[in-house]
Amino acid sequence: MSDQSEFSIIQQYFEQLTSQREDVELGIGDDCALLRCPEDHVTAVSIDTLVENIHFFADVDPVTLGHKSLAVSLSDLAAMGATPAWFTLALTLPKVDEKWLKGFSTGLADIAKQHNIQLVGGDTTRGPLTISIQAHGHVKAHKAIKRSGAQAGDLIYVTGTLGDAGAALQLRLNQWHDDNLSRQDQQYLQQRLEMPTPRVEQGQLLSGIASAAIDISDGLLADLGHITRQSGVGARLDLAKLPISKALGKVNRTMAESLALESGDDYELCFTVPPHYFSELGARLADQCTQIGVITEQAGLSYIDENHGFLDLNISKAGYDHFK
Ligand code: ADP
Ligand code: MG
């Protein structure tokens with residue numbers, strides 16, 4: 001991108017996007033940002049890339065795209081129990097589209113302000129529309145929630161409801177249709193796909209009591225599978241307990257369950273809690289999470305189904321893999 005247009009894009013849309021944090025010694029404008037990490041904390045860092053026609057539809061509202069671009073990175077910070085602090089943005093644009101830039105930066109600014117995370121730098125280039133955001137957060141030393149800490153007997157929970165984003169995607173791709181879904185239901189599901197809510201507060205509240213956590217980007221089975229593999233344990237799920245939204249609850253239960261288990265993009269947290277923290281969890285998260293199963297000694301995932309009894313799940317098929 002020519003120097004002048006790159007410079008003016010940054011100045012016009014991104015320089016004043018967020019408010020100034022005290023721990024930013026130098027933000028946008030130099031070769032590097034200069035940042036101060038609080039004492040006795042470590043920095044949690046995560047990067048995510050969204051590519052047009054792979055992660056989002058070309059006609060998606062740029063405001064929601066700005067929101068989602070940061071939401072997915074905030075969700076990673078949430079899964080570790082970290083507090084958001086700073087982010088950088090690498091933007092590849094096919095052309096300078098003022099309307100798009102205005103919408104995108106507005107959506108990005110709104111969610112950044114909500115979470116007090118500051119844009120401190122980035123890169124702007126020309127090419128197929130691609131958005132990379134690297135988010136940085138703080139977490140007290142030894143308090144980060146890893147995927148590897150689950151133990152047999154721990155209770156498995158998820159925040160929010162599952163399967164909504166997957167349902168919206170199926171509807172959008174015309175691969176599925178259900179007459180029971182009103183226009184309003186469909187709009188709700190679409191909102192869940194395009195404007196996910198990163199569970200940042202919940203993640204922070206889980207630090208100290210959760211033994212493992214992950215955010216659900218690829219689907220419950222795939223992501224819980226990361227916890228069980230990295231922890232060297234297994235899991236048994238109770239399908240009847242899967243939290244399903246009011247909207248998705250209108251379709252038949254088998255379809256809703258399969259979306260809840262296998263579809264991605266929900267950005268809810270899946271976490272495990274030792275049973276002795278059961279009441280502490282209730283005090284901290286109250287009705288913001290649902291117990292869906294228990295960690296078992298034997299590797300692999302299985303589930304209980306009221307109608308079909310006890311079954312093994314094939315987790316190798318679950319989740320989206322870009323290189324398959
Ligand atoms: P350099 O040539 O050193 O890579 P650039 O000219 O790419 O620097 O960027 C100038 C400044 O603007 C840097 O501080 C950089 O971090 C920032 N910047 C570039 N693109 C973006 C963007 N999309 N969002 C936020 N900051 C950006
Ligand atoms: Mg550069």
Side-chain angles (χ1 to χ4, degrees), residues 1-38 41-78 82-138 194-196 198 200 217 267:
M1 202 152 291
S2 85
D3 263 7
Q4 207 196 340
S5 63
E6 178 185 340
F7 181 74
S8 60
I9 289 169
I10 297 163
Q11 204 176 36
Q12 189 173 350
Y13 297 101
F14 298 112
E15 220 167 73
Q16 305 301 325
L17 186 126
T18 49
S19 45
Q20 175 78 24
R21 287 172 57 100
E22 274 196 352
D23 53 10
V24 176
E25 263 176 39
L26 190 61
I28 294 172
D30 213 312
D31 292 310
C32 293
L34 299 174
L35 312 165
R36 267 190 318 267
C37 188
H41 284 65
V42 292
T43 305
V45 180
S46 172
I47 186 162
D48 272 296
T49 297
L50 302 186
V51 181
E52 185 177 55
N53 294 324
I54 294 177
H55 300 94
F56 59 91
F57 295 104
D59 62 359
V60 74
D61 180 349
V63 179
T64 67
L65 186 60
H67 172 100
K68 186 164 179 174
S69 301
L70 184 55
V72 300
S73 291
L74 287 168
S75 178
D76 284 325
L77 295 181
T83 304
W86 319 299
F87 70 105
T88 54
L89 165 68
L91 200 53
T92 306
L93 302 169
K95 59 179 188 296
V96 178
D97 178 341
E98 303 275 342
K99 204 172 153 220
W100 187 92
L101 278 161
K102 191 166 190 321
F104 177 80
S105 56
T106 302
L108 190 62
D110 283 350
I111 184 170
K113 282 175 194 154
Q114 268 174 45
H115 293 280
N116 189 26
I117 186 169
Q118 184 177 337
L119 178 61
V120 295
D123 197 22
T124 310
T125 52
R126 192 187 290 276
L129 183 57
T130 306
I131 302 146
S132 279
I133 286 188
Q134 183 167 51
H136 304 238
H138 303 312
E194 293 182 355
M195 296 273 286
V200 175
S217 53
Y267 297 99

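Both counts, for ligands and for their atoms, begin at 1 and track the order of listing. The figures that follow rest on heavy atoms only: side chains count, while hydrogens, waters and symmetry mates do not.
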Practice task
Side-chain contact test, heavy atoms from C-beta onward, threshold under 4.5 Å: evaluate it for Leu65 versus Leu50 and give yes or no.
Solution key: yes

Problem - SB check Glu194 Lys68 (cutoff 4.0 Å) - result: no

Completion exercise
Atoms of ligand 1 under 4.0 Å from any heavy atom of Asp30, numbered from 1 in the order shown, are 13 (C), 14 (O)

Practice task
Could you tell me whether a side-chain N or O of Arg36 sits under 3.5 Å from a main-chain N or O of Glu22, the two making a donor and an acceptor?
Solution key: yes

Practice task
Would you mind listing which atoms of ligand 1 come within a distance below 4.0 Å of any non-hydrogen atom of Asp31?
Solution key: 3 (O)

Handout entry: From the candidates Ser105, Gly122, Ala33, the one that places a heavy atom nearest atom 17 (C) of ligand 1
Key = Gly122

Exercise for the section: Taking side-chain hydrogen bond (donor to acceptor under 3.5 Å, both in side chains) as the test, write out the residues that go with Ser105, two or more places apart. Expected result: none

Fill in the blank from the handout: Note: Ile10, heavy atoms under 4.0 Å from ligand 1, region reported as side chain

Problem - Pairwise side-chain contact, His115 with Leu77, heavy-atom cut-off 4.5 Å (strictly under) - result: no

Practice task
Run the numbers for me: atoms of ligand 1, each under 4.0 Å from some heavy atom of Leu89, listed by number.
Solution key: 22 (C), 23 (N), 24 (N)

Practice task
Could you list which atoms of ligand 1 come closer than 4.0 Å to a heavy atom of Gly29?
Solution key: 11 (C), 13 (C), 14 (O)

Problem - Proximity of Glu6 to ligand 1 by residue part, where a heavy atom lies under 4.0 Å - result: side chain

